[in-house]
Amino acid sequence: MAESVGFIGLGIMGEPMALNLVKAGYKVTVFNRNLEKTQTLKKAGARVASTPAEAAQNADYVMSIVSDSAASEEVIGGKDGVLQTIKPGTIVIDSATISPVVSRKLACATAGKKASFLDAPVTGSKHGAEKGELTFMIGGERETFDRAMPLLKVLGKKHIYCGTYGAGLSAKLAQNAIQSTMVEIFCEGFVLATKSGVRPEVMMEIVQNSMARAALTDFKAPFIFKGDFTPYFPLKWMHKDVTLAMEAAFAQDIPMPVTAAVKEVYASARAQGKGDLDYAAVITFLEELAGVKVRSTE
Ligand code: NAP
């Protein structure tokens, strides 16, 4: 008999992930707070639950990918949450990027129900989720990681075991500290070049023939040059992640001076109302300060 999955959170990432599980033959029950977003999954054959607790009932796996720490706490540990109904032996996989401290508390509460927990944040964005090519960074018991692999393989191309509870999230926060900075500094450089009279396409040719070339900025540049900030990874979530990285740094007395500055650039763009745009829209904040636009029709 097909294994069953309770799937919580059908946002940019969750919807394509849940669809891939349905296509792979899992018996999927979805929950999304806003019911409208359950339509695609319903058409694909998923059952729709009215609470996370209902989605988790009798499930072999529960997967959750909601926005932030408070949302994960609510859907997993809250009054209508997964832990209200979960059966012993179920594996709860939380793929949201949240505080490792909050995640460890959820892992503890899950263990109290004789179920298992993995923090399993992802990278690869919407495209990776659609293609089933995400990279997972995973914390928890190694034995749980091994048991969850058949399901995780449907969703990702790479699964990296990082260590005990919270280790996947610690890795993810470090990764997004790097990624947020790469995009922000790329934008700063292009604002300088454009303002100085060097066209974006000329500057791009230079970057692509230098050691500054990166897969991330190769991917983002065409969107930036077109001014297309359709959210693949919303700016508000990148701001959340650099804030979480700084909290982790503070807790361990680690100075992260560049991340601290970059966090405030994302905070400024978010304060301007750009939070729901893709995080590459951070360039528009810099452009407004410099009085120039980095756009190209080529
Ligand atoms: P999103 O499109 O904004 O979706 C957020 C989801 O969380 C929605 O389903 C939303 O439900 C749900 N939610 C929020 N608060 C809730 C609450 N209190 N109770 C129940 N559900 C709640 O976000 P996303 O881009 O899919 O990202 C989800 C997570 O993955 C975030 O932690 C993000 O940092 C991480 N992530 C995203 C990407 C990416 O490229 N997008 C990549 C890696 C990791 P409603 O529809 O009802 O609002």
Side-chain angles (χ1 to χ4, degrees), residues 6-20 30-41 46 48-56 62-84 93-100 102-103 106 119-138 155-158 160 168-169 171-180 183 216 219-220 223 229-245 266 270 274-281:
F7 198 104
I8 323 284
L10 301 173
I12 294 172
M13 298 298 284
E15 183 187 271
M17 290 166 78
L19 269 175
N20 282 337
V30 296
F31 167 79
N32 197 73
R33 186 179 54 177
N34 170 355
L35 210 60
E36 269 173 38
K37 291 193 198 161
T38 59
Q39 290 309 314
T40 309
L41 264 298
V48 178
S50 54
T51 61
E54 189 189 329
V62 173
M63 184 139 207
S64 177
I65 180 156
V66 290
S67 49
D68 55 15
S69 301
S72 272
E73 279 188 302
E74 188 177 333
V75 300
I76 297 173
K79 77 174 173 38
D80 292 321
V82 165
L83 298 183
Q84 298 296 328
I93 302 168
D94 189 359
S95 283
T97 309
I98 64 167
S99 149
V102 169
S103 181
L106 293 174
D119 51 289
V122 294
T123 186
S125 205
K126 189 182 176 198
H127 292 110
E130 285 168 351
K131 292 187 196 148
E133 290 180 357
L134 293 167
T135 294
F136 282 81
M137 294 150 258
I138 300 182
L155 304 171
K157 65 173 187 327
K158 188 85 187 159
I160 300 165
L169 280 163
K172 174 67 188 172
L173 298 185
Q175 189 232 339
N176 267 6
I178 297 168
Q179 204 162 309
S180 59
V183 167
L216 172 64
F219 177 74
K220 287 288 181 199
F223 293 98
F229 301 115
T230 307
Y232 293 104
F233 182 37
L235 188 144
K236 64 185 175 189
W237 299 152
M238 185 55 102
H239 175 236
K240 158 182 69 74
D241 293 357
V242 276
T243 303
L244 288 170
Y266 284 98
R270 188 175 184 176
K274 303 182 200 296
D276 289 325
L277 300 176
D278 191 77
Y279 73 103

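For ligands, and for the atoms within them, numbers begin at 1 and follow the listed sequence.
Of the protein's non-hydrogen atoms, Ser67 O, 3.3 Å is the one closest to atom 31 (C) of ligand 1. The closest protein non-hydrogen atom to atom 46 (O) of ligand 1 is Lys37 NZ, 2.6 Å. Scanning all protein heavy atoms for the shortest distance to atom 43 (C) of ligand 1 gives Val122 O, 3.2 Å.
A distance-only check finds a donor-acceptor pair linking the side chain of Asp119 to the backbone of Gly168 [under 3.5 Å]. No donor-acceptor pair under 3.5 Å is formed between the side chain of Asn32 and the backbone N or O of Lys37.
Residues that satisfy the ring pair (Phe, Tyr, Trp, His ring centres under 6.0 Å) test with Phe136, not counting sequence neighbours, are His159.
Where the criterion is an N or O separation shorter than 3.5 Å, residue side chain and backbone included, Leu10 meets it with respect to ligand 1. Checked by distance only, ligand 1 and Lys172 stay at 3.5 Å or farther apart across all their nitrogen or oxygen atoms. For ligand 1, the polar-atom distance check against Ala71 finds no nitrogen or oxygen pair separated by under 3.5 Å. Between Tyr232 and ligand 1, an N or O atom pair is found at a separation short of 3.5 Å. Considering backbone and side-chain N/O atoms, Pro234 never comes within less than 3.5 Å of an N/O atom of ligand 1. At least one N/O-N/O distance between Glu74 and ligand 1 falls below 3.5 Å.
Close approach to Phe233 involves these atoms of ligand 1, each under 4.0 Å from a residue heavy atom: 34 (O), 37 (C), 38 (C), 39 (C), 40 (O), 41 (N). Of all the atoms in ligand 1, the ones that sit under 4.0 Å from a non-hydrogen atom of Ser125 are 39 (C), 40 (O). In the vicinity of Val75, heavy-atom distances shorter than 4.0 Å reach the ligand 1 atoms 19 (N), 20 (C). Near Ala96, the atoms of ligand 1 lying under 4.0 angstrom from a non-hydrogen atom of the residue are 32 (O). Numbered from 1 in the order shown, with element, the atoms of ligand 1 that lie under 4.0 Å from a heavy atom of Gly9 read 9 (O).
The closest heavy-atom contact to atom 33 (C) of ligand 1, among the options Lys236, His127, Met13, Lys240, comes from Lys240. For the residues Asn176, Asp278, Thr97, Leu244, the heavy atom positioned nearest atom 35 (C) of ligand 1 is part of Thr97.
With a heavy-atom cut-off of 4.0 Å, Arg33 touches ligand 1 through backbone and side chain alike.
A heavy-atom distance below 4.5 Å is not found between the side chains of Val82 and Ser64.
More than 12 heavy atoms of other residues, nucleotides or ligands sit less than 6.0 Å from atom NZ of Lys157.
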